[in-house]
Amino acid sequence: MVQDISREPSGPEGAPQAWIERFEQPLVACSSGSLSGLRFAVKDNIDVLGWPTTAACAEFAYRPRAHATVVQQLLDAGASLVGKTNLDQFACGLSGTRSPHGAVPNAFNADYVSGGSSSGSAYVVATGQVDFALGTDTAGSGRVPAGLNNIVGIKPSRGLLSTRGVLPAMRSVDCVSILARTVAMAARVLQVAQGPDAHDPYARTLQLSNTPFGSRFRFGLPEPLEFFGDRAAQAAFSEAVQRLTALGGVAVAIDYRPLAQAAALLYESALVTERYAALRAFFDSHEGQVIEPVRSIIAKGRSFSAADLCAAQTQLRACAQQAGAMWARIDVLLVPTAPTHYRIAAMQADPVALNRNLGYYTNFVNLLDYAAIAVPSSIRADGLPFGITLIGPCGSDWPLAELGQRYHHASKLLQGALQWPLPAPQALTGISPAPQAPPPDSAPRMKIAVVGAHLSGMPLNAQLGARGARLLRASSTAPHYRLYALRGSTPPKPGLRRVPEGGSAIALEVWEMPQAQVGSFLALIAPPLGLGQVELADGSWVTGFICEGHALEAAQDITAHGGWRAYLAACEPA
């Protein structure tokens, strides 16, 4: 709930550039609900009934006939809407300086950029003017301003939140983002705002994982790292790696090149035609009303053919295939939210190159269908915030939030640009309780390794939970196995086979089940699968799923994917 900022230090004053419209009376639809008493703002490319949607271009303004779906859901849950916030025009930018209303300053130092395009939403959250705000995030527009203003930014899985009533930037990859000062607050909003929308062509019903990463997990560390000469940011990220390691993480170096190549396609290939397509009718007749460099970026979309677009989409799929292999080795990817900070004057002098630098670690996420959460990490020696982003596969929104909350509270930072300490961590609705080691006097338990349909979030995982099984850790086999996609199995399942040579490490999870429940679990396992002994990466052996050899003769060898999750991700349509 918004506190009285006149009674406590509240960071910088003023910044009228943060608002495009601040309502005299908040919009209220319901006096009760899970968000009752909370105040929020929305970025002015999101429809609010009774107020124009301008996208920071007065000539483009239109009056919507209804609230955007997400706005209506939040109002129905009892939140009150207090205004619409400034943005990089047409949500095209990551700096917060591309608006005719003026550059939105950083909440900690007004000489620096706030990040964009959801710059105004981030500023009003960081300075305590609202409890939370909605932004949008196509290429980092919700995460970068969160990172630069010491707040939380949830970038949900694509299609989890409806984008009906949201002016598209690139419709196929757009997301509504949630900005708040704590993970718990952002997660409350996510719980209310998520859900299918039959009127949104890109909405999806997603199977969300509810299993936390636990006390031991593997996090990917990009190699090489890039900070564009900013030693303060580099030092802050080293500190972040140490903190995540202290929380139980094990760093695993990953090749960042496929991710960087995917990110480059966003603006340097025919994919940019989607930005032009979103505004084509207006842009072709009012091009002169669009400010630079937004105008040049959108106009670039005219120069590509349909064949160029097909080629770019194929390039993107190739990057996705290469990058997807990393999920067999890691549970979550750690990156700096932004590699550096820039002064407003420097950004305005070189708006394209510096803006591109801010998106170095964000542009690929939606293109590759990942989920992400930006969380505060530290305050640098120069007084500027530094944030990190945790990235996971589509559907990992809740595990990311749970780990993000643990990380944020371990930082012991204050909220936003305020002098308010973080409240106690809260249980997140979408997550199961973290797995705990059994007490010494508990009943005997057996470790069981699963590689396919029993993995967390997979169709048969409930069979483990129903028998009191607990997730111990994600791991992999010793490098002596091959994995096959079995034919005709429902739900789809893999078969694991140990081989004398030519094997590889296969991703798996190790669960622990009461021995009294193993018999009933075994009764559910249909041939050709069964339980046997599987060697893990550390050389130990546990009970796990194995497959009869005859069933593998007609099966597809999918060992190259490194695991069942990576294989399923590669099979999804573009």
Side-chain angles (χ1 to χ4, degrees), residues 143 146-147 150-155 180-187 209-223 225 233-254 326-327 329-337 361 370-380 385-393 396-415 421-428 430-438 456-457 470-476 507 509-512 537-538:
R143 288 161 283 155
N150 195 47
I151 62 173
V152 172
I154 286 182
K155 199 295 301 173
R181 290 185 297 278
T182 67
V183 173
M185 177 64 72
S209 172
N210 64 357
T211 304
F213 292 117
S215 59
R216 296 289 289 175
F217 56 91
R218 302 163 301 168
F219 65 92
L221 203 57
E223 194 174 85
L225 285 162
Q234 185 173 4
F237 188 66
S238 295
E239 178 185 333
V241 171
Q242 295 174 14
R243 180 176 298 130
L244 199 58
T245 301
L247 292 175
V250 176
V252 178
I254 62 104
M326 70 181 175
W327 297 116
R329 302 171 55 230
I330 63 173
D331 304 300
V332 62
L333 175 61
L334 170 71
V335 298
T337 300
Y361 293 108
Y370 299 156
I373 182 170
V375 292
S377 184
S378 61
I379 303 299
R380 303 168 8 156
F386 177 82
I388 56 104
T389 295
L390 301 169
I391 301 169
S396 62
D397 304 70
W398 289 112
L400 290 174
E402 189 276 336
L403 181 57
Q405 180 171 242
R406 276 195 276 154
Y407 183 93
H408 190 194
H409 283 76
S411 75
K412 303 187 184 304
L413 290 169
L414 300 174
Q415 296 185 48
L422 290 172
Q426 297 181 22
L428 305 182
I431 202 77
S432 298
Q436 301 292 326
S456 302
R470 300 170 176 143
L471 175 64
L472 293 182
R473 66 186 185 277
S475 185
S476 65
E509 290 177 351
V510 179
W511 289 70
E512 191 178 56
D538 62 4

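Not measured: the values here are computed from a predicted model. Worth knowing before you read on, the calculation uses all heavy atoms, side chains too, and leaves out hydrogens, waters and symmetry mates.
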Hey, could you give me the [atom1]/[atom2] distance between [X] and [Y], rounded to the nearest 0.5 Å?
X      : Y      : atom1 : atom2 : result
Arg243 : His408 : CZ    : NE2   : 9.5 Å
Asn150 : Leu414 : CG    : CG    : 8.0 Å
Met185 : Ile151 : CE    : CD1   : 12.5 Å

Can you list the residues that meet the side chain to side chain contact (heavy atoms under 4.5 Å, CB included) rule with [X], with sequence neighbours excluded?
X      : result
Ala186 : Val152, Ile154, Ile178, Ala180
Ala235 : none
Ser238 : none

*Which is it for Leu244 and Phe217 under the side chain to side chain contact (heavy atoms under 4.5 Å, CB included) test, yes or no, and what are the steps along the way?*
CA-CA 10 Å; Leu244 199 58; Phe217 56 91; 3.9 Å; yes
Check whether any side-chain N or O of [X] sits under 3.5 Å from a backbone N or O of [Y] as a donor-acceptor pair, and report yes or no.
X      : Y      : answer
Arg329 : Ala253 : yes
Gln405 : Gln426 : yes
Asp538 : Ser475 : no
Thr337 : Ile388 : yes

Minimum heavy-atom distance between [X] and [Y], given as atom pair plus value:
X      : Y      : value
Pro423 : His409 : O-NE2, 2.8 Å
Ser378 : Glu239 : CB-OE2, 4.0 Å
Thr389 : Ala372 : CG2-CB, 3.9 Å
Phe386 : Pro336 : CZ-CB, 3.9 Å
Leu334 : Pro222 : O-CD, 3.1 Å
Gln415 : Pro421 : NE2-O, 2.9 Å

Can you name the salt bridge (charged side-chain N to carboxylate O under 4.0 Å, His left out) partners of [X], sequence neighbours left out?
X      : result
Glu223 : none
Asp397 : none
Arg406 : Glu402

*Determine, stepwise, if the pair Ser377 / Tyr407 fulfils side chain to side chain donor-acceptor pair (under 3.5 Å).*
CA-CA 8 Å; Ser377 184; Tyr407 183 93; 2.6 Å; yes
_Partner of Asp331 by salt bridge (Lys or Arg N to Asp or Glu O under 4.0 Å), out of Arg473, Arg216, Arg218_ = Arg218
Any heavy-atom pair between the side chains of [Y] and [X] that's under 4.5 Å?
X      : Y      : value
Trp398 : Ile431 : yes
Phe213 : Leu400 : yes
Leu333 : Tyr361 : no
Ile254 : Trp327 : no

_As a test of understanding, state which of Ile391, Thr245, Val252 forms a side chain to side chain contact (heavy atoms under 4.5 Å, CB included) with Phe219._
Thr245
